[in-house]
J.: 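Below is one structure. I have some questions about it.
Remember, it's 1-based here, ligands and their atoms both numbered in the order they're listed. What you see is a predicted model, and the numbers here were worked out from it, not measured in a lab.
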Amino acid sequence: MQMKRMMVPAMLLLGSFAMAQPKTNPAQARMNTFVQALMQKMTLEEKIGQLNLPSIGFDVTGPVVSQGVEEKIKKGLVGGVFNTFTPVAVRKLQEMAVTQTRLKIPLLFGYDVIHGHRTIFPIPLGLSASWDTAMIRLTARAAAEEASADGLNWTFSPMVDIARDPRWGRVSEGAGEDPFLGSQIAKAMVKGYQGDDLKKDNTILACVKHFALYGASEAGRDYNTTDMSRIRMYNEYFPPYKAAIDAGVATVMSSFNEVDGVPASANKWLMTDVLRKQWGFKGFVVTDYTAINEMIAHGIGDGKEVARRAIKAPVEMDMVGELFIQQLPGLVKEGKVSVAEIDNACRLILEAKYKLGLFEDPYKYVSEERNRREIMNDQKKMLAKEAAIKSMVLLKNENNVLPLSAEKKIAFIGPLVKNQRDLIGNWSGAGDYKQAVSVWQALERKITAAPFYYAKGCNLVDDEALKNKLNPHGAMLEADVQSPEALIREAVETANKSDVVVAFLGEPFGMSGEAASRSDIGLLPNQQRLLKALKETGKPIVLVLMNGRPLTLSWEDENMSAILETWYGGTMAGPAIVDVLYGEANPSGKLSMTFPRNVGQIPLYYNHKNTGRPLDENQKYTSKYLDVSNEPLYPFGHGLSYTSFSYGDIMLSGKTLGVTGKLTATVTVTNTGKYKGEETVQLYVRDLVGTVTRPVKELKGFSKVTLAPGESKKVTFTITPDDLKFYNGDLQLVHEPGEYHVFIGGSSATSNKATFTLR
Ligand code: BGC
């Protein structure tokens, strides 16, 4: 698209620009007048002050704690703060800004509202497994209602980094591996947070992060280098950021990593060419936590030089590092940074405040009454339960061991049965785990004909070194008074009394998220020991998982009767899990990220290229391993139900598609089982021949259908040439004529296929 614009003769472009200047609408004109007038009164220091975002209060994720913030606020050296919330705390600081500073400019109040604010929803990776964008939007809306009633007006969400390496702990914060699904979710979240009008008191600024490519950290090690071709960036990693921009996201966060050898926060190509010129982003960019300072360690200059490069990229707001307020005044004096550059950054931040309506009412988010009404109300808890149910993915269910029968004796075993802390997962800073309903609490309310039993079975973590790394960050990992051997003995005795064992295992919440990369992504050895001992009892075992990333589960897949992935399900995880286990709800989640068989297969993703020597088991010199298959354990899009679905053949409305035409692909889906169930019908496309190589499959659409037993429904997708566009070798967005395969099924592994030609 960009290239198209470049091909227009320069004269013509100038001519048309002179003739048809984009009209400023009256609201925008009023904003421009207001901001201009305000900036005329501001000193250079005050303008630079607007670019400063210190952290006050609660959690700290980086090496620097902002010092003397209150003094700086009074001097007009702060544009916003983060990690402060509640009406009381926010009012105090806002009052300082609007009564004790020369120009009375209100502050922005940011926070990592990632999967709910007080009412906690499943982690983003879990939410994405619902493939339910309408519901995801509602969770973001609910989060904004709570956050805005708690004094906040800005969230550092959505995180949309494409993630193909489950060793990276932060896969838990995003929507998984797919650009199409990721883009739909990015849009839904931005719209959920920002609503249709930022002036309302229950909408907040969203911030898409981490721009860009943070999910491609080498070896899955957090903060590590990334390096990839531009064609991969445009086709595979950029789409969700772009989707957020198209949805009107107000702010963007620059990532920690480098892109093309230049850290994102100094990367002019990324911040100017891609973000503003090609995508037309009009808001401001905030850096990630001390990301400007970290460019010294990246090795592109001293404090002064990195501040200069950052403002010229430009990124507008400096999170915590304070290099802007320290270095920019001097840089302007020396003529190395222009006043126009400072003005531009300051203007964008003031505009965000204006759009929120903060100049009209700086206290609009500090209402005790709204706080009482919005926070953790019943409606939000109901949504949290629905979201937890829809996020769960039934990975395996041999002999329909699930749902459980209330007539059977069940042994609930594992350190996560009574656990509350881990249910709300990472980035749930304002969430109170004590308000989360555990599985056991939900079970105690359940009436069953046969008794059920409990045994802890093992500690969540036995490894002392790991505990020492996790506990300082609130992990609460204690060793039980009983020895590990005694715990296992008790669990085996409990299992022996029962008909079915349900084992609750996984990662403590701190094992995923930021700075939580793992080189081995299996269950921890002490948990595996418990499972092996339970297996010896010969009872059918249902493994219920709580974790923040795809795990390697090859042994578990072979030895467990059923596996239910519940992620960290949030405030209402317990009741949601119990409903699913006993069949009051039917699981419908589908993986948004591939589960590999072992770590050696990583990175493993469904939309890979074919290579010149695609897998052929009978040929040695083809692309494969000697010791493991190429197939994942559970592919992208996989997820079972208590019922079963069958797919009919794909009916295409035609065999050819013209460049201005459209085609429909219809399939009949039938519920062939005994339960009512919801299926996510997925449409994939393969472009067989291109000027550049194309993936073996790409998700291009999905649709959710609910079917009663025996019921059939036709599901129709419309395919247009636009859906077939990709960035070619010149980074032009094009579709190319030729043959295409279209696949429709219940996972990316489907082979239900039809063929058409694009003319
Ligand atoms: C994370 C961001 C987060 C920021 C503010 C950083 O360490 O990378 O995702 O928004 O901290 O808490």
J.: Compare every heavy atom of Ile311 with every heavy atom of Pro314, then report the nearest pair and how far apart it is.
T.: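 Where Pro314 meets Ile311 most closely, the heavy atoms are CB-O, 2.9 Å.
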
J.: Tell me whether ligand 1 is touched by Met159 - counting only heavy atoms on the residue side and a distance under 4.0 Å.
T.: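 Outside the 4.0 Å threshold, so no.
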
J.: List every atom of ligand 1 that sits less than 4.0 Å from any heavy atom of Asp112, numbering the atoms from 1 in the order shown and giving each element.
T.: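 In order of number, 3 (C), 5 (C), 10 (O), 12 (O).
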
J.: Looking at ligand 1, is there an atom of it that comes within less than 4.0 Å of some heavy atom belonging to Glu173?
T.: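 Checking ligand 1 against Glu173, which is what was asked, there is no heavy-atom contact under 4.0 Å.
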
J.: Would you mind listing which atoms of ligand 1 come within a distance below 4.0 Å of any non-hydrogen atom of Phe156?
T.: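 Going through ligand 1 atom by atom, the ones under 4.0 Å from Phe156 are 10 (O).
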
J.: For ligand 1 and Tyr289, I'd like to know whether there is a polar contact (N/O to N/O, distance under 3.5 Å).
T.: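 No; the residue has no nitrogen or oxygen that sits under 3.5 Å from a nitrogen or oxygen of the ligand.
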
J.: Does ligand 1 have an atom under 4.0 Å from some heavy atom of Phe82?
T.: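 So Phe82 counts as touching ligand 1.
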
J.: Provide the number and element of each atom of ligand 1 under 4.0 Å from a heavy atom of Lys209.
T.: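 Close to Lys209: 2 (C), 3 (C), 9 (O), 10 (O).
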
J.: Is any N or O atom of Asp288, backbone or side chain, closer than 3.5 Å to an N or O atom of ligand 1?
T.: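 Asp288 vs ligand 1: N/O contact under 3.5 Å present.
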
J.: Indicate the atoms forming the closest heavy-atom contact of Tyr365 with Leu198, along with that distance.
T.: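 Here Tyr365 and Leu198 meet closest at OH-O, 4.0 Å.
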
J.: With a 3.5 Å cut-off and no angle check, do the side chains of Asn52 and Glu322 form a donor-acceptor pair?
T.: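 The answer is yes; a qualifying pair exists.
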
J.: Under 4.0 Å, counting heavy atoms only: does Tyr111 come that close to any atom of ligand 1?
T.: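 No.
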
J.: Are Pro54 and Phe82 packed together at the side-chain level, in the sense that at least one heavy-atom pair is separated by less than 4.5 angstrom?
T.: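 They are not in contact (no side-chain heavy atoms under 4.5 Å apart), so the answer is no.
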
J.: Does Glu514, backbone or side chain, put an N or O under 3.5 Å from an N or O of ligand 1?
T.: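 In this structure, Glu514 places an N or O atom under 3.5 Å from an N or O of ligand 1.
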
J.: Carefully, step by step, assess His117 and Phe85 under the rule ring-ring contact (aromatic ring centres under 6.0 Å, His included).
T.: CA-CA 11 Å; His117 179 60; Phe85 54 90; 5.4 Å; yes

J.: Identify the heavy atoms of Asn257 and Ala212 that sit nearest to each other, and give their distance.
T.: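 Result for this residue pair: ND2-O, 2.9 Å.
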
J.: Would you confirm whether the ring centroid of Trp279 sits within less than 6.0 angstrom of the ring centroid of Phe211?
T.: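 Between Trp279 and Phe211, which both carry aromatic rings, the centre distance is below 6.0 Å.
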
